[in-house]
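What follows is a short report on a single structure.
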Amino acid sequence: MLIEIIILLLAIPTGFLIAALTKDELIQGRKWFKILILASILGVFGFWIYGFPYISWTCGFILIVSLISLIKSEDKILKKRKL
C-alpha cells in the first residue's frame with residue numbers, strides 16, 4: 001500500500017514536467033484534459049468497486065497528471081504568449 005501511494009505522489013512532479021515540456025499543446029488540449037479527468041474519476045471508483053485496485057491506482061495517476069495539465073493551461077503567462 002505504501003508503494004502505491006509513493007507512486008501516486010510521483011504523479012505531481014510528472015504532471016509539472018509534462019506541462020512544462022508541452023506548453024504548445026496545453027491550450028488546445030483543455031477539452032481533452034476535462035474528458036480525461038472525468039473518465040479517470042469514473043475509473044477510480046468503478047475499478048475499485050469491481051475489485052481491480054491496480055487499475056484504479058493507474059486511473060488516479062492519470063487523474064493527477066491531467067488535473068495539473070489543466071491547471072497549467074489556465075496560466076495567464078501562457079495565454080498571453082499564445083495571443
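- Here CG of Leu67 is found 13.5 Å from CD1 of Ile62. Values are rounded to the nearest 0.5 Å.
- We find the NZ-CG distance between Lys31 and Leu36 to be 12.0 Å, quoted to the nearest 0.5 Å.
- Note on Phe33 and Ile41: same hydrophobic cluster, where clusters join Ile, Leu, Val, Met, Phe, Trp and Tyr whose side-chain heavy atoms are under 4.5 Å apart, directly or indirectly.
- Using a 4.5 Å heavy-atom threshold, the side chains of Lys34 and Leu38 count as separate.
- Both Ile5 and Val65 are part of a single hydrophobic cluster, where members link through side-chain heavy atoms under 4.5 Å apart.
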Identify every side-chain donor-acceptor pair in residues 51-61 under 3.5 Å, counting partners at least two apart or on other chains, and give the distances.
| unit_1 | atom_1 | unit_2 | atom_2 | d |
| --- | --- | --- | --- | --- |
| Ser56 | OG | Val44 | O | 2.9 |
| Thr58 | OG1 | Tyr54 | O | 2.9 |

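- In Ile3, the CD1 atom is not crowded: 12 or fewer heavy atoms of neighbouring residues, nucleotides or ligands sit closer than 6.0 Å.
- Scanning for side-chain contact (heavy atoms from CB on, under 4.5 Å) contacts around Ile68 gives Ile12, Phe16, Ile64, Lys72, with sequence neighbours left out.
- Of the inter-residue distances, the one linking Leu17 atom CG with Thr22 atom OG1 reads 9.0 Å to the nearest 0.5 angstrom.
- Side chain of Arg30 to backbone of Ser73: a donor-acceptor contact under 3.5 angstrom is found.
- At a threshold of 4.5 Å between side-chain heavy atoms, the hydrophobic network of Ile, Leu, Val, Met, Phe, Trp and Tyr places Leu63 and Ile18 in two separate groups.
- Rounded to the nearest 0.5 angstrom, Phe45 CZ and Ser40 OG are separated by 11.5 Å.
- Side-chain N or O atoms of Glu74 include none that pairs as donor or acceptor with a backbone N or O of Ile71 at under 3.5 Å.
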